[in-house]
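As structure tokens, the structure follows; a few thoughts come after it.
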Amino acid sequence: MAALRFQALPGFRDFLPKDAAARNYLFETWRSVARRYGFVEYETPLLEDTALYLKKSGGELSSQLFRFEDQGGRDVTLRPEVTPSLARLAAQHQRDFPKPLKWFEIGQCFRYEKPQKGRGREFFQFNVDIVGEAGPAADAELIALAIDTMLAFGFQPGDFLVRVSDRQAWLDFATRRGLPDDKIPDFLQIVDKLERDKPEISTEKLGSLGLSLDEVRAFIANPANASTAYDAIRADLEARGMGDYLSLDLSIVRGLAYYTGIVFEVFDARKSMRAVAGGGRYDTLVSTLSDGACDLPTTGFAMGDYVIRNLIDETPHAAFQMESWLHRNAAACDIYLVLADESKRPEALQILADLRNAGISCDFPLGPAKINKQFQNAERSGARFALIVGSELPELKLKALSSRAEERCHVLNLADWLTDRLQQPDGPLLA
RNA sequence: GUGGCCGUAGUUCAAUGGUAGAGCCCCAGAUUGUGAUUCUGGUUGUUGCGGGUUCGAGUCCCGUCGGUCACCCCA
């Protein structure tokens, strides 16, 4: 038996009803914040031409692709991120929309990595982008959205912060030091790892580029090196009352190769300082992917379901908020029909159909069952009421399952009466 | 890709190298028109897989697959 049993592939998840409900909580929260900010939802394919990712994503990502040849001989890849798809889409359809585009997508991505805590080979990502706006106001709008997303999950000031940096500042730095263009990716990589690598290693790496660790650290430490874009973003967010979440940190560079300007990360401020979301400006990606046919400055960020879910679980007030939501949304139905008299099943089915047609969520026993079993099932379904159909038809009884209070009702106008009843809070709960 | 730990019933876990067990879950009954609790009964295993050592392996050894955690990197 064990040898024949199938299980999910490594790094892939099954979503049992409880897990699916938790995922819906994330999705609904993401959607509601995006709508509050005037973003509209779009969707792109899970499978794309491999070249789309090899062209500009760069770095580790290209070695983590779920890549294969399809039956038509095409080199295809399950998307490791959605940004290149968006850039492709934007280049193709940009004339159909007034700029800027404020678009978001919630979708699954795939990366062939070793699964561990907070990371699988498949994950869902909330992607938010503003296409066709070069000014820092677009970056500020996205950072504000990221902050409001965290607040919508129940996180509080002090739970997280947004670390902002600007690759342009580093490009200027590199130019002033006469660093050749082809060394810049390596240089950014070194800066990115400054916090993790040992100082000796950083010193050695920088030395090979003719730079010293001290001058790089000095550059990071001096707030005056922040770009004018950063200053504008700070002013923007302060006007929104969100200035306290911001923190300038020039050591942030981000791994993806296509970023060109402002980059930022939402960080867990408590324990591990994990990045729960990240993004930045990629003004040349659309142009690159369209071979120059279309040039649209773009900025965006992504938040993954694994990391945000972990952070929620570890943060009591956020976890409590999610539990409350799950509790409110867990019920399989509002009303459970109890057949006290099996011979009334045809009449019960008529009632069931009427209620469902009226938009009331209800369930019932598919076969003969003892009364106590039916009440047990009613309880487990999470229904608020049990509607008892018995020999006294057309009279019925409605029992509130939480208070155990019963009241009589009648099949005439039952759907209307129940709809009204469901609007009211549960019966005589006092006592 | 590198390393640590771990694979026993649906699940959580026991079992000094000597007859594979318990809690929970699930199902049924006690209860012929009312949910909790309680009680009773019941189903489930080639101990991940393959080899080796041994009179004897869930236990020790090797391999393999899977899980998990850390590194790398990232969501």
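A, B, ... follow the sequence lines: proteins, then strands. Residue 1 opens every chain. Just so it is clear, the model here is predicted, and its values are computed rather than measured.
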Handout entry: d(NZ, A:K370; P, B:rU34) in whole Å
Key = 11 Å
Problem - Separation of the P atoms in B:rU54 and B:rG48, to the nearest angstrom - result: 23 Å
Handout entry: Cationic N near anionic O, under 4.0 Å, A:K102 to A:E141
Key = yes
Exercise for the section: Report which part of the nucleic acid A:R380 touches: base, sugar-phosphate, or nothing (heavy-atom distance under 4.0 Å, all strands). Expected result: sugar-phosphate
Problem - Pairwise P distance, B:rG23 and B:rG18 [rounded to whole Å] - result: 23 Å
Practice task
Give one of base, sugar-phosphate or nothing for A:Q374, where a contact means two heavy atoms less than 4.0 Å apart.
Solution key: nothing
Exercise for the section: Taking the six-membered ring for Trp and the single ring otherwise, decide whether the centroids of A:Y37 and A:F104 are under 6.0 Å apart. Expected result: no
Practice task
Using the P atoms only, state how far B:rC62 lies from B:rG3, rounded to an integer number of Å.
Solution key: 15 Å
Problem - Any N/O donor-acceptor pair, A:Q376 side-chain to B:rA36 base, under 3.5 Å - result: no
Practice task
Give A:R404 one of three labels, base, sugar-phosphate or nothing, depending on what nucleic acid heavy atoms sit under 4.0 Å from its own.
Solution key: base
Problem - For atom CG of A:L398 and atom C1' of B:rU34, their distance in whole Å - result: 13 Å
Handout entry: 5′-ward residue of the pair A:V276/A:K373 relative to RNA chain B
Key = A:K373
Could you pull out all donor-acceptor pairs under 3.5 Å where a side-chain atom in residues 126-133 of chain A meets a protein atom, sequence neighbours excluded?
residue, atom, partner, partner atom, Å
A:N127, ND2, A:Q125, OE1, 2.8
A:D129, OD1, A:Y282, OH, 2.5
A:E133, OE2, A:G135, N, 2.9

Exercise for the section: Grab the CG-P distance between A:D14 and B:rG10 for me, whole Å please. Expected result: 16 Å
Exercise for the section: In whole angstrom, give me the gap between the C1' atoms of B:rU59 and B:rC72. Expected result: 36 Å
Exercise for the section: Indicate, with a heavy-atom threshold strictly under 4.0 Å, whether A:K399 touches base, sugar-phosphate, or nothing. Expected result: base
Practice task
For A:Q125, answer base if it contacts any base atom (sugar-phosphate contacts may also be present), sugar-phosphate if it contacts only those atoms, and nothing otherwise; contact means non-hydrogen atoms under 4.0 Å.
Solution key: sugar-phosphate
Problem - Basic-acidic side-chain contact under 4.0 Å: A:R240, A:D236 - result: yes
Exercise for the section: Answer with base, sugar-phosphate or nothing: what part of the nucleic acid does A:G120 contact at a heavy-atom distance below 4.0 Å? Expected result: base
Fill in the blank from the handout: When A:A340 and A:G278 are each assigned the nearest nucleotide of RNA chain B, the 5'-most assignment goes to A:A340
Exercise for the section: May I ask you to verify whether the side chain of A:N372 and the base of B:rU31 hold a donor-acceptor pair under 3.5 Å? Expected result: yes
Practice task
Would you state whether a donor and an acceptor, one from the side chain of A:E392 and one from the base of B:rG33, lie under 3.5 Å apart?
Solution key: yes
Exercise for the section: Looking only at side-chain atoms of A:V307, point me to the closest of B:rG33, B:rA75, B:rU34. Expected result: B:rA75
Handout entry: Dot-bracket encoding per residue of RNA chain B, Watson-Crick/G-U cut-off under 3.5 Å, | denoting interstrand
Key = (((((((..((((....[..)))).(((((.......))))).....(((((..]....))))))))))))....
Practice task
May I ask you to check whether A:F219 and A:F173 place their ring centers less than 6.0 Å from one another?
Solution key: yes
